Amino acid sequence: MLTPDQERLIAATAPVVAEHLDAITQRFYPLMFSRYPEVKPLFNETHQRDGGQPRALAGAVLAYVQLRQDPQQARGAMGTIVGKHVALGIQPDQYPIVGECLMAAIGEVLGEAVTPAVAAAWSALYEELAGLLIELEDRRYREFEARPGGWRGTRRFRIADIRRESAVIRSFVLEPEDGGPVADHTPGQFIGVRLTLDGEPVYRHYSLSDVPNGRSYRISIKREPEGRASRHFHDAMSIGDTLELLPPAGELTLQGDDEPLLLASGGVGQTPLLPMARHALAAGRRVIYLHAALDAEHHAFRDEVAALAAEHPEQLRTVSVHERGAEADHIGRIDRELLARLLPEGARCYFVGPQGFMTAVDRALAALGVPDERRHYEHFGPSRPLDAA
């Protein structure tokens, strides 16, 4: 617990730290990787290069400083971070590494302004945040381990089937190597994957693209030209190959009771929304399922969605949007005019896709009067504001 003097120091210096937080986090990661190279595989190199990971860390620190006086609100705000950490298998002994390097980065950037008292106050604040995250993560680990078919740490799975979904997306059906049952997940969640590439561990998160069945998980992966893990899945992995999975996690899950839903996806953003649609339809909810792709060749799960519409003709309306070609319901992009025609009254809206796609959909829905609490989205990488460049 911070002392009263430390509380005053945090309040006094928080604006200065916030002003320089981008520089601090940009310095933090290279420093940590040089001191502790063993933690580098836990971080996606692409998100380091594009600044996504540093911005996410900066946002998390600022959010905690602003919310820590309300413990319940602070716990809620940490949900996304906890989910990402659980799907990476983050352990308590890794937090001191982050704390040490974060304080060193603060010292390097702010220089003489970081007096011993200021350093002690920010160290105490970090220890408080770390303690909260460790508590919440341990609760998630224990809860999942206690489920039928659950586990703690990693569990080895084999690829039971591979399906081509589009020109750039393939689905991989994963069954446990030990032959045991598989714990249920909540539709919309993702799962942590641990690969070994060139003798080094590589961690990624992939959305679970089907509803729970107790026997297997399905992930559907877009081949990214510069994606080390996605290229390995597409180019090198075959039926029978094995990999390790960590527990499912994620906060993008269905809320509410019987409101109609608008589910809008762009590209591979369809992967969490498809199982959410199945789950909602099974519960009797009305669903508008809107998917945007470059063209017919890049439109994944087309037959699967058509079959779902045939099963639920009164509940499900599907709308396809292509930027080119003539094989979609709408040619162009998802915009305010299209959303206005489709949006049910009182709908709860979920949308996932590239950053620009989500920003455009969010702004359009806001302009159409959909309140913040009914607009839900998730980034496939580190979280960031939707209007971020």
Side-chain angles (χ1 to χ4, degrees), residues 163 165-166 169 171 173 184-190 207-213 217-220 250 252-296 298-323 325-353 357-358 360-362 364-365 368-370 374-378:
R163 304 168 189 168
E165 306 291 1
S166 77
I169 297 173
S171 287
V173 178
D184 286 350
H185 65 281
T186 303
Q189 290 189 311
F190 55 83
S207 294
L208 291 159
S209 60
D210 204 354
V211 291
N213 60 29
Y217 293 128
R218 187 179 76 174
I219 56 177
S220 302
L252 188 77
T253 55
L254 288 178
Q255 299 182 28
D257 297 317
D258 57 359
E259 311 105 313
L261 300 173
L262 185 140
L263 308 181
S265 56
V268 77
Q270 198 174 184
T271 51
L273 298 187
L274 182 54
M276 292 172 69
R278 287 189 178 278
H279 184 58
L281 292 167
R285 297 175 76 165
R286 179 186 170 204
V287 176
I288 306 296
Y289 193 89
L290 180 59
H291 178 62
L294 182 62
D295 53 29
H298 291 79
H299 190 146
F301 304 109
R302 203 167 189 176
D303 291 343
E304 189 169 332
V305 172
L308 196 59
E311 293 174 25
H312 302 275
E314 302 299 322
Q315 293 172 247
L316 176 61
R317 179 181 178 185
T318 66
V319 180
S320 59
V321 180
H322 293 170
E323 292 187 28
E327 299 183 50
D329 301 311
H330 178 81
I331 304 302
R333 297 192 175 187
I334 297 176
D335 55 21
R336 177 176 172 177
E337 181 182 354
L338 180 61
L339 289 169
R341 296 204 306 265
L342 298 173
L343 185 66
E345 184 177 355
R348 189 173 291 274
C349 303
Y350 294 80
F351 46 98
V352 183
F357 169 88
M358 292 197 296
V361 171
D362 187 59
L365 291 173
L368 292 170
V370 180
R374 288 180 178 267
R375 305 198 310 270
H376 309 275
Y377 62 92
E378 181 176 66

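Along the sequence shown, residues are numbered consecutively beginning with 1. On a predicted model such as this, the values are computed, not experimentally measured, just so you know.
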Please report the C-alpha distance between Arg302 and Glu327 in whole Å, then the side-chain angles of each, then the deciding distance to 0.1 Å, and finally whether the side chain to side chain contact (heavy atoms under 4.5 Å, CB included) criterion is met.
CA-CA 11 Å; Arg302 203 167 189 176; Glu327 299 183 50; 4.1 Å; yes
Please work out whether the ring planes of Tyr350 and His376 are parallel, tilted or perpendicular, with thresholds of 30° and 60°.
parallel
Side-chain contact, heavy-atom cut-off 4.5 Å: Val287 with Pro260?
no
Could you walk me through whether Leu290 and Leu338 pass side chain to side chain contact (heavy atoms under 4.5 Å, CB included), step by step?
CA-CA 10 Å; Leu290 180 59; Leu338 180 61; 4.1 Å; yes
Flag the pair Arg374 and Glu259 as a salt bridge only when some basic side-chain nitrogen lies within less than 4.0 angstrom of an acidic carboxylate oxygen.
yes
How close do Ala264 and Leu273 get, heavy atom to heavy atom, and via which atoms?
O-CD1, 3.3 Å
In Å, rounded to the nearest 0.5 Å, how long is the span from CZ of Arg348 to CG of Leu263?
12.0 Å
Report yes if some heavy atom in the side chain of Val352 is under 4.5 Å from a heavy atom in the side chain of Pro272; otherwise report no.
yes
Can you measure from CZ (Arg375) to CG (Leu365) and round to the nearest 0.5 angstrom?
7.0 Å
Would you please test His330 and Leu342 for side chain to side chain contact (heavy atoms under 4.5 Å, CB included) and show each step?
CA-CA 12 Å; His330 178 81; Leu342 298 173; over 6 Å; no
For the residue pair Leu308 and Ala277, what are the closest heavy atoms and their distance?
CD2-CB, 4.5 Å
Strictly below 4.0 Å, N to O, side chains only: are Arg285 and Asp258 in salt-bridge contact?
no
Testing the basics here: between Cys349 and Leu343, what is the closest heavy-atom pair and its distance to 0.1 Å?
SG-CD1, 3.6 Å
Distance in Å, Thr271 OG1 paired with Phe190 CZ, rounded so as to fall on 0.5 Å steps:
11.5 Å
In terms of heavy-atom contacts, does CZ of Arg333 have more than 12 from other residues, nucleotides or ligands at under 6.0 Å?
no
Answer yes or no: is there a donor N or O on one side and an acceptor on the other, between the side chain of Arg336 and the main chain of Ala364, under 3.5 Å?
no
Is any side-chain heavy atom of Tyr289 closer than 4.5 Å to a side-chain heavy atom of Val319?
no
Between Glu304 and Arg278, is there a side-chain N and carboxylate O pair less than 4.0 Å apart?
yes
Within this structure, what is the CG-CG distance for the pair Leu261 and Leu316, rounded to the nearest 0.5 Å?
10.5 Å
For Asn213, does the CG atom sit with more than 12 other heavy atoms under 6.0 Å from it, leaving out its own atoms?
yes
Closest heavy-atom pair and its distance - Asp329, Thr318
OD2-O, 3.7 Å
What are the two closest non-hydrogen atoms of Pro275 and Gly188, and how far apart are they?
CG-N, 4.3 Å
Gap separating the OH atom of Tyr377 from the CE atom of Met358, nearest 0.5 angstrom:
7.5 Å
May I have the step-by-step check of side chain to side chain contact (heavy atoms under 4.5 Å, CB included) for Thr253 and Gln189, ending in yes or no?
CA-CA 7 Å; Thr253 55; Gln189 290 189 311; 4.0 Å; yes
Find the distance between CZ (Phe351) and CG (Leu262) and round it off to the nearest 0.5 Å.
10.0 Å
Can you name the nearest heavy-atom pair linking Ala347 to Val370, along with the distance?
O-CG1, 4.5 Å
Treating Gln270 as the side-chain partner and Ala300 as the backbone partner, does any N or O pair qualify as donor plus acceptor under 3.5 Å?
yes
Between Ser320 and His291, do the side chains contain an N or O donor and an N or O acceptor separated by less than 3.5 Å?
no
Would you say the side chain of Arg218 lies within less than 4.5 Å of the side chain of Arg163, judging by non-hydrogen atoms?
yes
Are the side chains of Asp295 and Glu323 in contact, using a 4.5 Å heavy-atom criterion?
no
Indicate whether the side chain of Ser220 and that of Ser171 have a donor and an acceptor atom separated by less than 3.5 Å.
yes
